[in-house]
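Let me begin by presenting the structure, written as structure tokens, before commenting on it.
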Amino acid sequence: MSNAIPGFVATMDFEQPIVEIERQIAALESKVGGSVPSDELATLYATRETVLSKTYSGLSAWQTVRVARHPARPQTLDYVDLMCRDFCQLHGDRRFGDDPAIVTGFARIGPWKVLLVGHQKGRTTPERISCRFGCANPEGYRKALLKMRIAEKFQIPIVTLVDTPGAYPGVESEQRGQAEAIAVNLREMSRIRVPIVTVVIGEGGSGGALGIAVADRVAMLEYAWYSVISPEGCAAILWKEANERTNPLAAKSLALTARENLANGLVDAVIQEPIGGAHRNPKSMAAAVQAWIVEQLSELSRLDADTLVRQRYEKFRTIGSLRSHP
Amino acid sequence: MGAMAEPTWETSEVAPTATSKRAVPDGLWMQCLACGETLFRKAVEQNLLVCARCDYHMRVTGRQRIEQLLDPESFEPMNAKMSPADPLNFVDLKAYSDRIVQAQKLTGENDGVQTGTGFIKGRKVVVAVLDFSFLAGSMGSVVGEKVTCAIEYATDHGLPLVVVSCSGGARMQESGFSLMQMAKTSAALGRLDDAGGLFISVLTDPTTGGVTASFAMLGDVIFAEPKALIGFAGPRVIRQTIRQDLPEGFQTSEFLLNAGFVDRIVHRANLRSEISRIIDYSGN
């Protein structure tokens, strides 16, 4: 718990047994007063680990979605703090404004200078409102592309972190061309001549996620989700109503978990989360994400730009499942 | 036109059937859905399925569109036998595999897009035409693959590409596979663009979701039929999100023209000549 981001609130029913153990630990710790843990305390710690790993190894698709949305789950700016040095945020799309739902800037990750692009949901209520809970507007996607172009010009690799329920559905976002902004990003990212690596750190909701995820390598965190539509959206349409009964059914049908996306060849890797999820230990989560990014960039940096772009094209070109005959 | 259909799967539940409000019913006479006028069916068909009284552009199937758009007998289909798999064994209230079979029976098509080559006023083109009557013209692996093959053919043969969109968006039953078709088709258009190829995108009622947010919005020139519903999110989703009524005419062709996302609104009767004109200007 010591590593967790302040403000951690356990909100998930399936975590109740863990919450109970943690309550007992807290009670004992206050008695011990911070000195060497008693045997009883050590037992409780061990029990907590066991219950945590048992709970988290058996999460359903819908429970996974809820972990991916946990309010204390690390967001792009947390990863900036935990794995980047010398972050230099760059604002604005030079056309309309600056969308806080997508953060862009130069950063150093391990030995690499990179351009970082990531969805930001916000943590406090005012932040969440200004970030629209991670739902970007067209100017967010246009800002991302503008900065990616600068990275291309200066031969700086691009790292994107995906965490959005979907692009924002509003009157103004339609008026300013939400669809066009995403479409242009898909086309342009496919031919950018520097390495691009993507990690889905939380929610990978539809076109709003893909709009910054046309990458040479794509990983998902163990409890992230990535799909063509949110489970609620899918349930509302195919089950006629999104509710406690239909959301889990939709989540299961959509094959949205990291393992399923890996098995279906839609992502390249799954990055394991700390026991009990990224929100329980953001520091070790960020270390794992950093290690994966650094490894991919080292491999991709060996390719010339033509090969890189050709391989990226082939990667998406070959995705699909169909029959050649009826 | 009357109340606009939601560009969702719910429409697809009714759209493919002959009794649908949207489809043109069998019989000698039919009623215009927009103005209610009783029309002689043959005359409406000769008028490209446009109401002679109020100019309402009725929805047309992929085959009808190809007949209307191309010079007679000039269409040569590509990948006609490609048909959908069910990679996720998707089941909602009904199994996807059953939906596929049902849609195939109703439409006589393998999936929701026709692609091939043909001529428009003597100019050779590659065409892709989405068919709303097949599962709401939704893009799964087959639509994505056939559109991509069409784009690549246009790129390799230096031919102009014309795509007529009519779709509720990405096909949910193929989940991530459908999503990635957006990247695949858009990447192929990047190559067509690199090669100096011409892409004319024609938006018809409705064009929404993952189709709008990929190839449909990437035309060098974008036409829209009058009063079509065109958008990213569906009107119902937006209404639920902002909890306000939507402005009059929101997400219509005319709205997009004003917002700067469509080049021209083109009456169906002028589509062939307008496309030919752009091809001539492009020198493709």
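Every chain is numbered from 1, with letters handed out A, B, ... down the list of sequences. Keep in mind that the numbers below use all heavy atoms, side chains included, and drop hydrogens, waters and symmetry copies.
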Using a 6.0 Å cut-off, check whether atom CZ of A/R95 has over 12 heavy atoms from anything other than its own residue.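 Not buried by this count: 12 neighbours or fewer within 6.0 Å.
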Can you tell me which of A/P169, A/G166, A/S190 forms the most heavy-atom pairs within a distance under 4.5 Å of chain B?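 It is A/P169.
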Top of A/Q178, A/E180, A/R317, A/R187 for chain B proximity - count of heavy-atom pairs under 4.5 angstrom: A/R317
Side chain from CB out, backbone as N, CA, C, O: work out which of these in [X] comes under 4.5 Å of a heavy atom of chain B, or both, or neither.
| X | answer |
| --- | --- |
| A/R176 | backbone |
| A/L266 | both |
| A/A181 | neither |
| A/L210 | side chain |
| A/V171 | both |

Counting only non-hydrogen atoms closer than 4.5 Å, does [X] touch chain A with its backbone (N, CA, C, O), its side chain (CB onward), both, or neither?
| X | answer |
| --- | --- |
| B/F215 | neither |
| B/Q244 | neither |
| B/L246 | side chain |
| B/Q240 | neither |
| B/A188 | both |
| B/V91 | backbone |
| B/F177 | both |
| B/P84 | backbone |

Can you tell whether the side chains of [X] and [Y] come within less than 4.0 Å, N to carboxylate O?
| X | Y | value |
| --- | --- | --- |
| A/D304 | A/R310 | no |
| A/E232 | A/R69 | yes |
| A/E139 | A/R142 | no |
| A/R191 | B/D194 | yes |
| A/K121 | A/E127 | no |
| A/D268 | A/K315 | yes |

Once you round to the nearest 0.5 Å, how far does OG of B/S167 lie from CG of B/D205?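 Reported to 0.5 Å precision, the distance equals 12.0 Å.
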Nearest 0.5 Å please: distance from the CG atom of A/L254 over to the CD atom of B/E174.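 Rounded to the nearest 0.5 Å, the CG-CD separation comes out at 12.0 Å.
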For B/F255 and B/F250, take the angle between the two ring planes, folded into 0 to 90°, and tell me which bin it lands in: parallel under 30, tilted 30 to 60, perpendicular over 60. perpendicular
I need the residue from B/L189, B/I238, B/L88 with the largest number of non-hydrogen atom pairs under 4.5 Å to chain A.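 Top option by heavy-atom pairs under 4.5 Å: B/I238.
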